[in-house]
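Each ligand, and each atom within it, is numbered from 1 in the order the structure gives. Just so you know, these numbers come straight off a predicted model, no measurement behind them. In what follows, residues are counted from 1 in the order of the sequence shown.
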Amino acid sequence: MSSLARSRSQVFGEIRKELYDDHEFRQVTHVFVIMGASGDLAKKKIYPTLWWLFKDGLLPEETYFVGFARSHLTMDDIRAASLPYMKVKDVDNERLSAFFQRNSYLAGHYTEGESFSQLQSHLNSLCHGTGANYIFYLALPPTVYHNVTSNIRQHCMSNKGWSRVIVEKPFGWDLQSSEELSAHLSSLFTEDQIYRIDHYLGKEMVQNLMVLRFGNRIFGPIWNRESVASVVLTFKEPFGTYGRGGYFDDFGIIRDVMQNHLLQMLTLVAMEKPASTNSDDVRDEKVKVLKCIAPVALHDVVLGQYVGNPEGEGEAKLGYLDDPTVPKGSHTATFATAVLYVHNERWEGVPFILRCGKALNERKAEVRLQFTDVPGDIFNAQCQRNELVVRVQPDEAIYAKMMSKKPGVYFNPEETELDLTYRSRYKAKMFSHYSFTSVTVTVYRRGNDKCSTQIT
Ligand code: NDP
Ligand code: BG6
């Protein structure tokens, strides 16, 4: 039986066994601190993921969750904000109460040492002074990473266990600020305490790109400029950035999505075969691709900002500038398309078209390779170009658009699809919920090669 066809409980059983065979994880108290607990990432992804891990028994028994942000909130407020994203079934209600009993929230200031001393006292109280392992998740705008990490280092390190920091993208604002952030973090923490996260690398179909390319003979010979006409990488969301102006307006869609999620996917499509699936080998091949990409020409970029739809309902009525958290007259882009070229022997001349936007017509993330025309046409121009599509979300799928003879008493070519839709091929639906979970498991299991490939 293939590993993908195994049931969810089999897979989780194995992970659970691995966790619980490890003495440390069974015995030691762990505290997961969500910095920016009042925000969009926290409610949509972090609290739901912690809940799923807790519900499925994938966390060490003595695990607590502490939210921290400036807003004066209660745990009930956090619970109400996160619940719509937690997919709780009636049968899980008791477990849900147990989860929230492990949660607490503290209001404080990112720049004030005093707030972090209070946080430390709170963390101490959870482990009754016996020591614990701490994970600090920066679900915050990068503009406050410097202060927050300095304060964590100064006031909140665990003295009897380990402390780790998870840093969200975008990693800085430009090359200089990214280098400054790296230097700053390495002045505070050792490399194995720092986790840089791009959650798209935890998505099932993004991980599948490597298997698809390097685990099949059929794609290798056509995966190059001789056969590929263009590669389109798309990210679309049907909702805007309402309430996120505090973060989003300083960064815009290029730094929020294009330079991390879409570029990560681009490198997985364009890179040469790595020496192994080990994370360092994969990283090395990705870096080679990035080094071959020339600066993007201005005439190869289109930017836009969404406006309200007067006929829409609720939030759809509102344009980007109608959000009170967005500065008046902001020119921040919420939509961007850019054409990149990878100047190497495999890809010279092939456009890589990156498209991303908020408040668009649908939710979609996909990679689409369009192949060149078949030379020497004998079908009177009736053939469409082949396309290979890897749909990351929603509804994970890989499909190839191809020509086939129209069935019956015809001899005409007709476009059809070779379709691997995960929903119908793999019944167990463990894919989409767990893009954050896989990364979170990695946090616990760093050093285990099987998992660490998901961290960049
Ligand atoms: P939010 O705008 O929701 O900000 C998170 C929290 O940070 C807010 O609740 C607010 O808390 C505080 N905050 C906001 N703006 C400022 C500011 N200018 N100065 C100080 N504190 C501020 O952003 P997100 O949660 O969407 O994003 C946070 C990080 O997570 C970003 O780096 C983003 O790239 C990343 N991310 C987001 C995802 C998402 O789905 N939203 C997914 C993956 C990554 P308070 O005022 O209470 O202190
Ligand atoms: C985050 C961006 O990195 O990814 C958000 O900051 C975006 O703006 C989110 O909404 C999308 O993630 P997903 O997993 O819902 O596609």
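- When the shell of 6.0 Å around NZ of Lys317 is examined, it contains more than 12 heavy atoms from other residues, nucleotides or ligands.
- For Lys169 against Tyr145, the heavy-atom pair with the smallest separation is O-OH, 4.1 Å.
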* Could you go through the side-chain contact (heavy atoms from CB on, under 4.5 Å) check for Leu318 and Asp323 one step at a time? => CA-CA 7 Å; Leu318 303 173; Asp323 178 349; over 6 Å; no
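- At under 3.5 Å, not a single nitrogen or oxygen of Lys44, backbone or side chain, sits near a nitrogen or oxygen of ligand 1.
- Under a 4.0 Å criterion applied to the non-hydrogen atoms of Tyr145, ligand 1 contributes the atoms 32 (O).
- In terms of N/O distances under 3.5 Å, ligand 1 is not approached by Lys45.
- Residue Asp256 has at least one heavy-atom neighbour below 4.0 Å for each of these atoms of ligand 1: 34 (O).
- For the residues Ser71, Pro141, Gly67, Ala107, the heavy atom positioned nearest atom 14 (C) of ligand 1 is part of Pro141.
- The closest approach between Lys44 and ligand 2 stays at or above 4.0 Å for every heavy atom of the residue.
- Using the six-membered ring where Trp is involved, Tyr306 and Tyr320 have ring planes that are perpendicular, over 60° apart on the 30 and 60° scheme.
- At a 4.0 Å cut-off, at least one heavy atom of Arg244 sits close enough to ligand 2 to count as contact.
- Look at Lys169 and you'll find a heavy atom under 4.0 Å from some atom of ligand 1.
- Under the 4.0 Å criterion applied to side-chain N and carboxylate O atoms, Glu112 and Arg70 are not assigned as salt-bridge partners.
- Within the set Phe251, Phe235, Tyr200, the minimum heavy-atom distance to atom 16 (O) of ligand 2 is found for Tyr200.
- Electrostatic pairing of Glu366 and Arg391 does not count as a salt bridge here, judged by no charged N lying under 4.0 Å from a carboxylate O.
- Residues Asp280 and Arg283 are paired through a salt bridge, judged by an N-O separation under 4.0 Å between the basic side chain and the carboxylate.
- Ligand 2 places these atoms under 4.0 Å from at least one heavy atom of Glu237: 7 (C), 9 (C), 10 (O), 11 (C).
- Atom CD of Glu311 is surrounded by 12 or fewer heavy atoms from other residues, nucleotides or ligands within 6.0 Å.
- In terms of polar-atom proximity, Ala42 is not counted as a contact of ligand 1, lacking any N or O under 3.5 Å from an N or O of the ligand.
- With hydrogens and angles ignored, the 3.5 Å screen pairs a side-chain donor or acceptor of Ser115 with a backbone N or O of His109.
- Residue Val144 touches ligand 1 through its side chain alone, judged by heavy-atom distances below 4.0 Å.
- Counting heavy atoms under 4.0 Å from ligand 1, residue Arg70 touches it through both backbone and side chain.
- The Asp256 neighbourhood of ligand 2 comprises atoms 2 (C), 5 (C), 6 (O), 8 (O), with distances under 4.0 Å to a heavy atom of that residue.
- When each atom of ligand 2 is checked for a heavy atom of Lys169 under 4.0 Å away, the hits are 1 (C), 2 (C), 3 (O), 6 (O).
- At a 4.0 Å cut-off, not a single heavy atom of Tyr200 sits close enough to ligand 1 to count as contact.
- A heavy-atom separation below 4.0 Å is not found between Thr143 and ligand 1.
- Each of His261, Met265, Arg355, Gln264 was evaluated against Leu233; a single residue qualifies, Met265, per the side-chain contact (heavy atoms from CB on, under 4.5 Å) test.
- Comparing Gly36, Gly245, Ser38, Ala69 by heavy-atom distance to atom 11 (O) of ligand 1, the nearest is Ser38.
- When all heavy atoms of Pro60 and Thr63 are compared, the closest pair comes out as O-OG1, 2.6 Å.
- Ligand 1 has a nitrogen or oxygen under 3.5 angstrom from a nitrogen or oxygen of Gly39.
- Using a cutoff of 4.0 Å between basic side-chain nitrogens and carboxylate oxygens, Arg363 and Glu237 are not scored as salt-bridged.
- Counting the atoms of ligand 1 from 1 in the order shown, those under 4.0 Å from a heavy atom of Pro170 are 32 (O), 34 (O).
- Arg255 contributes no side-chain N or O that, together with a main-chain N or O of Phe171, makes up a donor-acceptor pair within less than 3.5 Å.
- Short contacts between ligand 1 and Gly246, defined as distances under 4.0 Å to a heavy atom of the residue, involve ligand atoms 15 (N), 18 (N).
- Taking the ring centroids of Tyr47 and Phe65, they lie at or beyond the 6.0 Å cut-off.
- Ring centroid separation for the pair Trp162 and Tyr134 does not come in under the 6.0 Å cut-off.
- Using a 4.0 Å cut-off between heavy atoms, Leu138 makes no contact with ligand 1 at all.
- Near Gln393, with a cut-off below 4.0 Å to any heavy atom, the atoms of ligand 2 are 13 (P), 16 (O).
- For ligand 1, the atoms sitting less than 4.0 Å from at least one non-hydrogen atom of His199 are 42 (C), 43 (C), numbered in the order shown with element in parentheses.
- Set against the non-hydrogen atoms of Pro142, the atoms of ligand 1 under 4.0 Å away are 32 (O).
- Those atoms of ligand 2 that come under 4.0 Å of a heavy atom in Lys358, given as number and element, are 5 (C), 7 (C), 8 (O), 10 (O).
- In this comparison of Asp40, Asn260, Leu140, the heavy atom closest to atom 28 (C) of ligand 1 sits on Leu140.
- Under a 4.0 Å criterion applied to the non-hydrogen atoms of Lys45, ligand 2 contributes the atoms 12 (O), 13 (P), 14 (O), 15 (O).
- By the criterion of a heavy-atom distance under 4.0 Å, the side chain of Tyr110, and not its backbone, is placed next to ligand 1.
- Taking both residues in full, the closest heavy atoms of Gly202 and Gln207 are given as CA-NE2, 3.6 Å, listed atom of the first, atom of the second, then distance.
- With ligand atoms numbered from 1 in the order given, ligand 2 contributes 13 (P), 14 (O), 16 (O) to contacts under 4.0 Å with heavy atoms of Lys203.
- Annotation: Leu41 places an N or O atom under 3.5 Å from an N or O atom of ligand 1; distance criterion only.
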* Take Arg213 and Glu272 through the salt bridge (Lys or Arg N to Asp or Glu O under 4.0 Å) test and state the conclusion after the steps. => CA-CA 10 Å; Arg213 287 193 57 198; Glu272 299 302 316; 5.8 Å; no
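- Counting only distance, with no hydrogens or angles, the side chain of His30 and the backbone of Val28 share a donor-acceptor pair below 3.5 Å.
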